[in-house]
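Here is the structure we will look at, set down as C-alpha cells.
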Amino acid sequence: MTNFKMNIDKLRLPLLGKEATIKRKKNCMTQCLRNWIPTRLFPHRISNLKILILAVLIVVLIIIPIYYYRLSQFDLKYININYSFHRSTRPTPNIRCSMINGPRLPQNHDHKTEARLRSDPKVLVFVETMYSKLGKDIAELLVHTRIKYKIEVAGKSVPVLTSLDKGKYGVIVFENLNKYLQMDKWNRELLDKYCREYFVGIIGFINPSEETLVGAELKGFPIFIHTNIQLKDAALNAASQILRLTRPGETVWGPLPGDDWTIFQANHSTYEPLEWAHKIDDYGHEGLMKTPLTTIVQDHGLFDNIQRVIFGSGLKFWLHRLLFLDSLSYLSHGQLSLSLERKFLIDIDDIFVGDKGTRIKPEDVSAMLSTQRRIQNMVPGFKFNLGFSGKYYQHGNPDEDKGDDLILENIDEFRWFSHMWNHQQPHLYDNLTQLIDDMNLNKNFAKEKGIPFDSGYSVSPHHSGVYPAHELLYTAWKRVWNIRVTSTEEYPHLRPARLRRGFIHRNIMVLPRQTCGLFTHTIYIDKYPGGRDKLDESIQGGELFQTIVYNPINIFMTHMSNYGNDRLALYTFESVIKFLQCWTNIKLSSDTPLQLAESYFKLYPEETDPIWGNPCDDPKHQKIWSKNKSCDSLPKFLVIGPQKTGTTALYTFLSIHPSIASNLPSTETFEEIQFFNANNYYKGLDWYMNFFPVDVNSSRYMFEKSATYFDGDLVPKRVHALLPHTKLVTILISPAKRAYSWYQHIKAHGDTIANNYSFHQVITAGDTAPKPLRELRNRCLNPGKYSQHLERWLTYFPPQQLHIIDGEILKSNPIEVMDELQKFLKITPQFNYTGHLRYDEKKKFYCQVLNGERTKCLGKSKGRHYPPMEEKSLKLLQRYYLSHNTALVKLLKRIGMRNVPQWLQDDLTDSPT
Ligand code: A3P
C-alpha cells in the first residue's frame, strides 16, 4: 500500500495554476529522457541538444559499423555475396527502439486478485448508437481477442447486472464517458453501487465535441479537460500498474492521429497518468523541457471507490488498443487478461514455384538463413516452413536454379511441408486416383531430394479443397501424406480476418491462417500497394502487429517471391518481431504445425465442429469449388418436425406435387436425411448434396424433411450457415398428445425401457431414476417445449421464413393446409389437391388417391391404434407444459399468427392450476 501511494505521489498529474508551470519543468518526460544516459556518467545537468549530439555520435561511430560488420560476417559464411547487387531500395529491418534490450516485465506479473471471482469474464459496453464508430471499434477489438461482451445503447435503462450473487460483467465501458456522467440519478446510483460491490472498474472515452473546452470540469470529479488538441510524441508512465501487455519506455514519435484529443488536469491524488503526449507545436526551449500532457488517466478510486481509466482519444491510435486491453485486464482484476504467449509460424507456400526473374537466388537464400538465425534469437524454435511443388524445381534462370540448390543444401535448416506436385488446385480433380498419383509424384521428389515428408502438415494451393471441403482432397491427403493438420484463410470467410476460425474434418485439424500483407506480386518496396509507409504502418502498430497481439497462434502465409528481389518477407517479419519486442511483453515462440494445432484446439475446443456454409454465398469459395457441384443441389425448404406431429403425411402430400421434389432416400434413415442434427453432419457437405441430384430438365422445388431438426440445439445455427434463405415448415399439435404418440411409437419399435415402464412412469421419472429412464423421459418431453425451440430458430431466421401448420387441421383438412403452404412457398401455379387426397374411412385419415380410384395410406406405423392416454397423465402434462404453452401463445401472436390453435386453447383451459 505504501509503495502504491508513493507511485501516485511521484507521478501526480500536472497541477493547475502557477504551481503547475513550475512543476511541469520537472515533469516525468524530462526524467524519461534523462534516463537514457546513466547519471553516474553525467552527474551534471545536460541540455537536450547535448544529449541529442551524443546519441547521434554513438549511433554513427559505434552501432552502425558494428551492425554492418556482423551482418557481412554472417552472410559470407554462407555465400560469397556481391553487395553491389543489393538494391538501393531494399529496406532493412531497423526498428527505432532504445528499449529493445532493456528490462522486461517481471515474471508472474498479472493483475489477478481475489476480487476477480466476484464477476464473470465479460464486458458491458455502452455505445452511443448501434452504428457509432468507436463503439464498433471496441466491439471488433473484443471479437478479435475473443473477449465476451454485451452491447447496450447508453441512455436506456441499465441491464440486469447480477446473476445470483455474482456480477455479470467484469468491466463497464462507455464509448462516450459523457453518457455516464449525464446518466439519470437512479441508473447512475445503480451502476456505481454495482461497481463498488463487485469491484468492477469503468473505462470511458472522451468523445470529440464540436465545442472546444478549456479546463472544463468532468461533472462531479476533481479533474478538468481540454478538448480538440493536436498532439505528438506519446509516451507511457512506466510506473503504471496497468501496463502488462504493453511495454513502456519508448516514445511514439511524430503526430498522433486526429486533431481532437482531450487532455486531463487534476488536483486529486486519485489520478495517475497512463499516457502523455505533447502539443503538436510544442518545441520546448533551451533549458525548459516540453510540457507533457496527460492523454489517458487512471482513477485509483480514492475519490469515490470506483476505479476508472479515461481515454482522451479513441482507438484510432494503435497504442490505445493495447492500453485498452491492459485496462480491461487491470480493472477486471485479471479476469480479462490475455495470455502473453504467442506462437508464430511462417509458411513459404511455394518454395520452387515462380516465374523466372522473381525467384530466389543464392544470396537470397543466405539472407533467409541469416534472418532466420536472428529471428531464432527472438523467437525460440523458429524455422521457416517451406512448402514444395517438385515439378517447378529448377525452373528459373541459371542463378535462380542455384538458389533452388542452395535451399536443398540447407534442408535441415528449415521445416518442410508438401504442396501439390504441379501447384494444381485439388478441387479441379474429380478423380481420386489422379489426385493421389500427382501427390505421389511430389512425394517421390521429396524422397529423391531428401526432403522430410513426415510433418503431417500440408497447405493446398489457393486454399482449394480445404474449405469448402473437397472430400477427395481429404482422402488423398490421408492416404499419401498422412496429413493431420492444414491451414486456411477461407474459414468461414477470408474477411473479416478477426472472425477466421479453425475446425476439424475427418481428423484433419484445419487452422486459421493470417495474412501479412505480402502476396506473390509484392516483390519491390517501391511498388508496394500504398507505398512503403503502408507496409511500415502495418508493422509498426498496424494490422500485422495487431494480428500477432490478438491471436495466440499465428500461421502466416508468404510466397517464394517475397524472399527474393527486395526480400520483403524478411524485412516485414524481422521488423514486426522487433517492434513487438519493443512495445509489448509478449513472449513469441514457434513450434511444429502439429503442436500448434494441438495447442489451438486445446485453447478453443468449441471450434472442433465445423460449420458448413453455402459455397455459393462467397465468390471466393465458389472459385475453389468443383465445377461439378452446384448450389441447386440444396433444398429450398425444410420440414423440421417435431416428430409425431404428422410430418410423414405432409412429406407424402408434398411429394404428390408436380413442382416439388424431395431428397433421395437414405439407406439408414429412409426419407429423412438427418444431416443437421446428428453425426451425419460430420460427413460433410458433399454427402448432404448427393441427396439432391440436379435434374437439368426440371426446376422443381427441392425439400427435405427430418423431424428431429425441430429440437436439435445446434440445428438452427447449422441450417442458417448453409441455407440462410431457406423456408422452414413446422407442425404443432398438443405437446401432451405428441409425447404420448412418441412413447407409443418407440414402444412399438421394441424399445426396452418403453416396454418396461408405463407412459405415466416415464413422464414422472424423477432425477433419481435410472439414467436410461431419465434419458427416455427427456426425449419424450423436451420436443414439446415448443416456445423454447421456436425461439432458437427465430434467433437465426426471421418469422417470414417460418410457416407453422396446425397438425389437427392437417389431419382434418389437409387440402386447406396444402393450399396455405403453397402460398407461403410462393409456388405457382398452385396445385389443386382436391382430387388427390381422400378421407379413408378404414384408416380414419386422408390418403393419397391413386389412379382416381384406390387410395394409398401411410404405413402401419402412422395412425396406430393404441389406448387413449390416462386422464392423470394428460392432466400432469397439461400442467407440465403450461408455462411453455403460455409462452407459445405470446410467441405466435408476436410473429403475426392470427388464430391460436384450438388444441392450444384447450390445453391451457384444461390445465389444472
Ligand atoms: P399416431 O401414429 O400416434 O396416430 P409423424 O409422421 O410426424 O411421425 O407423425 C405421425 C402422426 O401423424 C400420427 O400419429 C398421426 O396422428 C398423424 N397423422 C396426420 N395425418 C396423417 C395421415 N394422413 N395419415 C396418418 N397419420 C397422420
Side-chain angles (χ1 to χ4, degrees), residues 638-657 662-663 665-666 669-674 677 703-712 715 728-751 754 759 762-763 779-784 786 789 803-821 833-850 854-870 873-874 877 901-903 906-907:
L638 301 179
V639 177
I640 57 174
Q643 285 178 299
K644 309 316 293 174
T645 54
T647 55
T648 316
L650 181 64
Y651 173 87
T652 315
F653 301 162
L654 283 167
S655 304
I656 301 172
H657 198 296
S662 69
N663 51 282
S666 149
T669 42
F670 313 105
E671 86 264 12
E672 299 203 346
I673 306 178
Q674 298 184 0
N677 62 310
F703 83 101
E704 189 225 327
K705 182 276 274 193
S706 293
T708 41
Y709 288 166
F710 181 78
D711 52 300
V715 180
L728 306 165
V729 179
T730 179
I731 311 170
L732 303 181
I733 59 169
S734 157
K737 211 169 156 188
R738 195 215 72 85
Y740 188 55
S741 167
W742 185 84
Y743 168 82
Q744 294 297 344
H745 173 75
I746 56 147
K747 192 173 165 171
H749 274 76
D751 184 280
F759 180 60
V762 171
I763 60 174
R779 284 173 56 215
C780 179
L781 296 179
N782 282 349
Y786 297 149
H789 302 301
H803 184 68
I804 300 175
I805 293 175
D806 179 339
E808 293 304 334
I809 302 183
L810 176 69
K811 254 186 237 166
S812 60
N813 191 352
I815 292 165
E816 179 192 316
V817 167
M818 296 314 287
D819 282 350
E820 286 297 313
L821 180 56
Y833 275 90
T834 315
H836 299 273
L837 298 178
R838 189 186 305 146
Y839 188 75
D840 187 294
E841 285 298 340
K842 241 164 84 198
K843 187 84 180 176
K844 305 269 183 256
F845 281 108
Y846 273 84
C847 301
Q848 183 183 351
V849 179
L850 293 178
R854 279 188 309 122
T855 54
K856 186 182 156 210
C857 299
L858 298 184
K860 281 202 297 277
S861 66
K862 308 292 163 182
R864 265 194 199 92
H865 295 289
Y866 43 77
M869 194 182 343
E870 286 177 288
S873 298
L874 178 65
L877 286 178
Q902 191 56 49
W903 56 260
D906 293 347
D907 267 0

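Model, not experiment: these values are computed from the prediction. Order of listing sets the numbers, starting from 1, for every ligand and every atom in it. Because only heavy atoms are used, hydrogens play no part in the values below, and waters and symmetry mates are left out as well, while side chains stay in.
Side chains of Ser662 and Tyr651: a donor-acceptor N/O pair is present below 3.5 angstrom, by distance only.
Inter-residue side-chain proximity for Asp907 and Pro735 is flagged as met; some heavy-atom pair is nearer than 4.5 Å. For the pair Lys705/Thr648, a side-chain contact is recorded, criterion being any heavy-atom separation below 4.5 Å from C-beta on. Inter-residue side-chain proximity for Gln848 and Arg854 is flagged as unmet; no heavy-atom pair is nearer than 4.5 Å.
For atom 23 (N) of ligand 1, the nearest non-hydrogen atom of the protein is Tyr846 O, 3.0 Å. Atom 4 (O) of ligand 1 has as its closest protein heavy atom Gly863 CA, 3.4 Å. Scanning all protein heavy atoms for the shortest distance to atom 8 (O) of ligand 1 gives Lys862 NZ, 3.0 Å. For atom 9 (O) of ligand 1, the closest heavy atom belonging to the protein is Gly646 N, 3.0 Å. Nearest protein heavy-atom neighbour of atom 18 (N) of ligand 1: Phe845 CE2, 3.7 Å. Looking only at protein heavy atoms, the nearest one to atom 14 (O) of ligand 1 is Ser741 OG, 3.7 Å. Considering only non-hydrogen protein atoms, atom 6 (O) of ligand 1 sits nearest to Thr648 OG1, 2.5 Å.
When the options Glu704, Glu671, Glu672 are evaluated for a side-chain contact (heavy atoms from CB on, under 4.5 Å) with Asn663, the one that passes is Glu704.
In summary, the atoms of ligand 1 found under 4.0 Å from a heavy atom of Lys644, numbered by their order in the structure, are 5 (P), 7 (O), 8 (O), 9 (O), 10 (C). The Ala649 neighbourhood of ligand 1 comprises atoms 20 (N), 21 (C), 22 (C), 23 (N), with distances under 4.0 Å to a heavy atom of that residue. Applying the 4.0 Å criterion to heavy atoms of Arg864 picks out, from ligand 1, the atoms 2 (O), 4 (O).
Within the structure, the closest approach of Leu858 to ligand 1 falls below 4.0 Å when heavy atoms are considered. Ligand 1 has at least one atom lying under 4.0 Å from a heavy atom of Lys811. At least one heavy atom of Tyr866 lies less than 4.0 angstrom from ligand 1.
Contact annotation for Thr647 and ligand 1: heavy atoms of both the backbone and the side chain come within less than 4.0 Å of the ligand.
Without hydrogens or angle criteria, Tyr709 side chain to Leu638 main chain gives no donor-acceptor distance under 3.5 Å. Of the possible donor and acceptor atoms, one in the side chain of Ser812 sits under 3.5 Å from a partner among the backbone N and O of Glu808.
Residue-environment remark: NZ (Lys843) exceeds the threshold of 12 foreign heavy atoms within 6.0 Å.
Closest non-hydrogen pair, Leu732 versus Ile804, comes out as CD1-CG2, 3.8 Å.
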